[in-house]
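A short write-up of the structure that comes next.
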Amino acid sequence: MTGEGGYEAIYAVVRRVPRGRVATYGQVALLAGRPGRARQVGYAMHALPEGSGVPWQRVINASGRISFHPDSMEHAVQRALLESEGVAFGPGGAVSLERFGWKPRTKAGGRRR
DNA sequence: ACTCAGGCGCTAC
DNA sequence: AGTAGCGCCTGAG
């Protein structure tokens, strides 16, 4: 087997992120079965074609901030998309992961907030 | 608050 | 074909 594709696992996880919620690169990598490969998640998002149906905007860094350069257009686009989905940015352009952080459902009791 | 260092895999020149 | 730089993370100073 030439090995399975690669990014599919990451895309699958990102696709599972509900609207109005955000996930971190490390979290996606972990859920995709690639702990520690957070960087690859960023590349997967960058290599993602338009109209792929993968909400790449819902993926941000562990600081709750957009990883793109603050002065870059991608930054503004991602932020606008997230705000459009109901995600609120705090001072400094940071999202409260405690509130908007995607909490993947585990078998344990879903004690969310 | 910031810098430095280690780990990990990929992309671009 | 080798080297730096990245949509990163974490920990320590």
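Values reported hereafter were calculated over all heavy atoms of this structure, with side chains retained and with hydrogens, waters and symmetry mates removed. Lettering follows sequence order; numbering is per chain, from 1.
Residue A:Gln40 places its side chain closer to B:dC10 than to any other of B:dC10, C:dC9, C:dG7.
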Table of protein N/O atoms under 3.5 Å from nucleotides 11-13 of chain C N/O atoms:
none

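In this structure the side chain of A:Tyr11 reaches within 4.5 angstrom of the side chain of A:Met45, judged on heavy atoms. At a threshold of 4.5 Å between non-hydrogen side-chain atoms, the residues A:Phe89 and A:Ile66 count as touching. Side chains of A:Arg58 and A:Trp102 form no contact here, defined as non-hydrogen atoms less than 4.5 Å apart. Here the side chains of A:Val54 and A:Ile10 are not in contact, with every heavy-atom distance at 4.5 Å or above. Annotation: side chain of A:Pro104 is in contact with side chain of A:Gln27 (closest heavy-atom distance under 4.5 Å).
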Return one dot-bracket line describing DNA chain C 5' to 3' (Watson-Crick or G-U wobble pairs, both distances under 3.5 Å; ( ) same strand, [ ] crossing, | another strand, . none).
.|||||.||||||
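One interatomic measurement links the two molecules: CE of A:Met45 to P of C:dC9, which rounds to 13 Å at whole-angstrom precision. Summarising the geometry, the separation between CZ on A:Arg37 and P on B:dC8 is reported as 7 Å, rounded to the nearest angstrom. The distance between atom CD1 of A:Ile10 and atom P of C:dC8, rounded to the nearest whole Å, is 14 Å. Atom-to-atom, OH of A:Tyr25 to P of B:dG9 comes out at 19 Å; the value is rounded to the nearest Å. The interatomic distance linking A:Leu30 (CG) with C:dT10 (C1') rounds to 14 Å, in whole Å. Per the geometry, CG belonging to A:Leu48 stands 13 Å off P belonging to B:dT11, to the nearest Å.
A donor-acceptor contact under 3.5 Å links the side chain of A:Arg39 to the base of B:dC8.
Within the 3.5 Å criterion, the main-chain N or O of A:Pro35 finds a donor-acceptor partner in the side chain of A:Arg37. Side-chain atoms of A:Arg34 never come within 3.5 Å of backbone atoms of A:Val41 as a donor-acceptor pair (strictly under, hydrogens ignored). A donor-acceptor pair under 3.5 Å is absent between the side-chain atoms of A:Glu85 and the main chain of A:Pro18, judged by distance alone.
With hydrophobic clusters built from ILVMFWY side chains whose heavy atoms lie under 4.5 angstrom apart, A:Tyr25 does not share a cluster with A:Leu30.
When each of A:Gln78, A:Glu50, A:His46 is tested with A:Trp56 by the rule side-chain contact (heavy atoms from CB on, under 4.5 Å), just one qualifies, namely A:Gln78.
Spacing between B:dC8 and C:dA1 at atom P, rounded to whole Å, works out to 26 Å. Across the P atoms, B:dG6 and C:dG7 are found 23 Å apart, a figure rounded to whole Å.
Residues from residues 59-75 of chain A placing a heavy atom under 4.0 Å of any atom in DNA chain C, listed by number, are A:Val59, A:Asn61, A:Ala62, A:Ser67, A:Phe68.
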